[in-house]
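Following: one structure in structure tokens, then a few remarks.
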Amino acid sequence: MIHNDTVDTLLNRRSIRAFKPEAIDDNTIATLETVAQHAASSQFLNDWSAIRITDDNLKQKLAEIGHQQYIATAPLLYVFILDEHRNAAIARAKGVDTDSDEFTLNGSYRFAQAQNDAVLALHAMETAAYSLGLGCVILGSLLNDVASLIELMNLPEYTYPVLGLAIGKPDQEPAIKPRMPRTMQFFENTYPSDDDATLAPLAAFDKSVHEYYDLRHTDRPVDAFSDQIAHNATADMAGHAMGSHVAAQGFRLDR
């Protein structure tokens with residue numbers, strides 16, 4: 001492999017869930033937020049926003065939603081949202097009737113693209129934070145209770161929470177989680193038709209993941225990677241309720 005500072009920052013990425021109680025300075029915050037704004041944006045619609053959470057009571061409520069107390073201790077905390085509300089306001093100011101079929105930013109395609117843009121911006125911010133010696137953890141757990149999250153942050157029509165990001169100076173140094181062999185995830189020209197061949201390295205990967213979790217969780221066993229996938233393939237995930245919340249926020253997923 002070729003190595004440089006950027007590549008090594010990405011290769012050494014690991015989730016940090018314990019932070020030193022030190023505030024992040026304004027220059028660093030400005031840097032991280034500006035980097036996020038420079039991420040790719042579909043059609044340059046800039047259809048995402050991020051809410052910086054500074055209120056301790058709100059942090060605690062988000063920690064309760066996520067069932068992760070470290071959320072409340074993060075020196076810097078963001079909730080990234082897909083955001084067509086701002087574009088709808090711009091369109092109305094330009095004479096577009098956003099209650100008519102003329103308005104097209106409320107459909108499933110724009111919802112998906114805005115969600116992608118929010119993730120790209122978050123990832124840019126996360127990478128920049130790591131490059132500055134900070135640590136981060138991405139918070140999908142905030143979506144445990146989307147309705148409460150929407151209410152707490154007063155999210156208007158045509159917005160939807162995507163992910164949270166906690167940032168701070170690391171107070172732990174966890175091992176880097178193993179990744180599956182490239183042959184299981186990168187294919188050439190077409191998707192492989194031979195599942196058995198694709199999964200041939202799975203046993204070795206299961207072993208490395210098991211060893212990683214055994215070292216990390218010495219007090220309790222953790223399932224092998226393949227067992228985790230099988231469990232999640234049948235679990236009642238919170239995302240099943242997504243459709244009703246999306247509709248309530250003004251998006252039409254039937255287009």
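For the numbers below, each heavy atom of this structure counts, side chains included, while hydrogens, waters and symmetry mates do not. Here the structure is a predicted model, which means the values were calculated and not measured.
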**hydrophobic_cluster_shared for Val7 and Leu10, side chain cutoff 4.5 Å** = no
**Request:** Under the salt bridge (charged side-chain N to carboxylate O under 4.0 Å, His left out) rule, collect the residues that match up with Glu33, sequence neighbours excluded.
**Result:** Arg52
**Message:** I'd like to know if the side chain of Gln249 reaches the main chain of Tyr158, judged simply by a donor and an acceptor atom lying under 3.5 Å from each other, with no hydrogens or angles considered.
**Reply:** no
**Prompt:** Quick check: does any side chain N or O of Ser148 sit under 3.5 Å from a backbone N or O of Asp145, one acting as donor and the other as acceptor?
**Reply:** no
**Message:** Tell me which pairs pass ring-ring contact (aromatic ring centres under 6.0 Å, His included) where either residue lies in residues 36-63, with sequence neighbours left out.
**Reply:** Trp48-Phe80
**Prompt:** In the single-linkage hydrophobic clustering (I, L, V, M, F, W, Y; side-chain heavy atoms under 4.5 Å), do Leu132 and Leu77 co-cluster?
**Reply:** yes
**Message:** Rounded to the nearest 0.5 Å, what separates atom CG in Asn46 from atom CD in Gln37?
**Reply:** 8.0 Å
**Atom of Pro75, atom of Phe19 and distance for their closest heavy-atom approach** = CD-CB, 3.7 Å
**Asked** Does the side chain of Pro21 reach to within under 4.5 Å of the side chain of Thr73, using non-hydrogen atoms?
**Response** no
**Item:** Which atom of Asn27 lies closest to which atom of Asp25, heavy atoms considered
**Value:** N-OD1, 3.1 Å
**Exercise: do Gln43 and Gln113 side chains pair donor with acceptor under 3.5 Å** = no
**Request:** Check whether Tyr78 and Ile65 end up in the same hydrophobic cluster, where Ile, Leu, Val, Met, Phe, Trp and Tyr are linked by side-chain heavy atoms less than 4.5 Å apart.
**Result:** yes
**Request:** Would you please say whether a donor-acceptor pair under 3.5 Å links the side chains of Ser226 and Asp206?
**Result:** yes
**Asked** Would you find a donor on one side and an acceptor on the other, under 3.5 Å apart, between the side chain of Asn144 and the backbone of Ser141?
**Response** yes
**Prompt:** When you measure from the side chain of Arg14 to the backbone N and O of Ile176, does any donor-acceptor pair fall under 3.5 Å?
**Reply:** no
**Residues, nucleotides or ligands: over 12 heavy atoms within 6.0 Å of Lys61 NZ** = no
**Prompt:** Should Val79 and Leu139 count as side-chain neighbours, where that means a heavy-atom distance under 4.5 Å?
**Reply:** no
**Prompt:** Looking at CG of Asp56 and OG1 of Thr54, how far apart are the two atoms once the value is rounded to the nearest 0.5 Å?
**Reply:** 8.0 Å
**Asked** Step by step, would you call Phe251 with Tyr160 a ring pair (Phe, Tyr, Trp, His ring centres under 6.0 Å)?
**Response** CA-CA 9 Å; Phe251 287 94; Tyr160 198 84; 7.6 Å; no
**Prompt:** Considering the options Tyr213, Phe205, Tyr212, which one meets the ring-ring contact (aromatic ring centres under 6.0 Å, His included) requirement together with Phe225?
**Reply:** Phe205
**Asked** Side chains of Leu62 and Lys59: does their closest heavy-atom pair fall under 4.5 Å?
**Response** no
**Item:** Heavy-atom side-chain proximity of Pro161 to Ile150 below 4.5 angstrom
**Value:** yes
**Request:** Answer whether the closest heavy-atom distance between the side chains of Met125 and Leu122 falls below 4.5 Å.
**Result:** no
**Item:** Distance (rounded to the nearest 0.5 Å) between Lys177 NZ and Ser208 OG
**Value:** 11.5 Å
**Asked** Is there any side-chain hydrogen bond (donor to acceptor under 3.5 Å, both in side chains) pair reaching into residues 79-88, and which pairs are they, with sequence neighbours excluded?
**Response** Ser49-Asp83, Ser49-Arg86, Asp83-Arg86, Glu84-Asn87, Glu84-Arg110
**Asked** Would you say the side chain of Ile53 lies within less than 4.5 Å of the side chain of Met153, judging by non-hydrogen atoms?
**Response** yes
**Trace of the side-chain contact (heavy atoms from CB on, under 4.5 Å) decision for Leu76 with Thr28** = CA-CA 11 Å; Leu76 193 55; Thr28 298; 6.0 Å; no
**Request:** Treating Ile, Leu, Val, Met, Phe, Trp and Tyr as nodes and any side-chain heavy-atom pair under 4.5 angstrom as an edge, say whether Met184 and Val209 lie in one connected cluster.
**Result:** yes
**Item:** Whether Thr98 side chain and Ala88 backbone form a donor-acceptor pair below 3.5 Å
**Value:** no
**Request:** First locate atom CG of Leu202, then atom CE of Met180, and finally report the distance between them rounded to the nearest 0.5 Å.
**Result:** 7.5 Å
**Item:** Min side-chain heavy-atom separation Leu45-Leu105 under 4.5 Å
**Value:** yes
**Message:** Show, in sequence, the C-alpha distance, side-chain angles and deciding distance for Gln69 and Glu64, and conclude whether the side chain to side chain donor-acceptor pair (under 3.5 Å) test is met.
**Reply:** CA-CA 7 Å; Gln69 188 54 37; Glu64 291 167 4; over 6 Å; no
**Message:** Tell me whether His3 at atom NE2 has more than 12 heavy atoms from other residues, nucleotides or ligands lying less than 6.0 Å away.
**Reply:** yes
**Request:** Could you note down all residue pairs passing side-chain hydrogen bond (donor to acceptor under 3.5 Å, both in side chains) where residues 179-200 supplies at least one of them, sequence neighbours left out?
**Result:** none
**Asked** Between Val35 and Val137, is there a shared hydrophobic cluster once you connect ILVMFWY residues whose side-chain heavy atoms come closer than 4.5 Å?
**Response** no
**Item:** CG/Asp5: more than 12 non-hydrogen atoms of other groups inside 6.0 Å
**Value:** no
**Asked** Going through the distances and angles, do Ile229 and Asn232 end up as a side-chain contact (heavy atoms from CB on, under 4.5 Å)?
**Response** CA-CA 5 Å; Ile229 294 298; Asn232 287 325; 5.5 Å; no
**Asked** Looking only at atom types and distance, does a side-chain atom of Thr127 sit under 3.5 Å from a main-chain N or O of Ala124, one as donor and one as acceptor?
**Response** no
**Request:** Please tell me if the side chains of Asp117 and Leu82 come closer than 4.5 Å, counting only heavy atoms from C-beta onward.
**Result:** no
Side chains of residues 162-172: which donor-acceptor partners sit under 3.5 Å, not counting sequence neighbours?
residue	atom	partner	partner atom	Å
Lys169	NZ	Glu22	OE1	2.9
Gln172	OE1	Arg17	N	2.6
Gln172	OE1	Ala18	N	3.4

**Prompt:** Say you draw a straight line from CD of Gln115 to CG of Leu120; how long is it, rounded to the nearest 0.5 Å?
**Reply:** 11.0 Å
**Prompt:** Among all residues two or more places apart in sequence or in another chain, which pass the side chain to side chain donor-acceptor pair (under 3.5 Å) test with Thr34?
**Reply:** none
**Prompt:** Once you round to the nearest 0.5 Å, how far does CD1 of Ile51 lie from CG of Leu155?
**Reply:** 5.0 Å
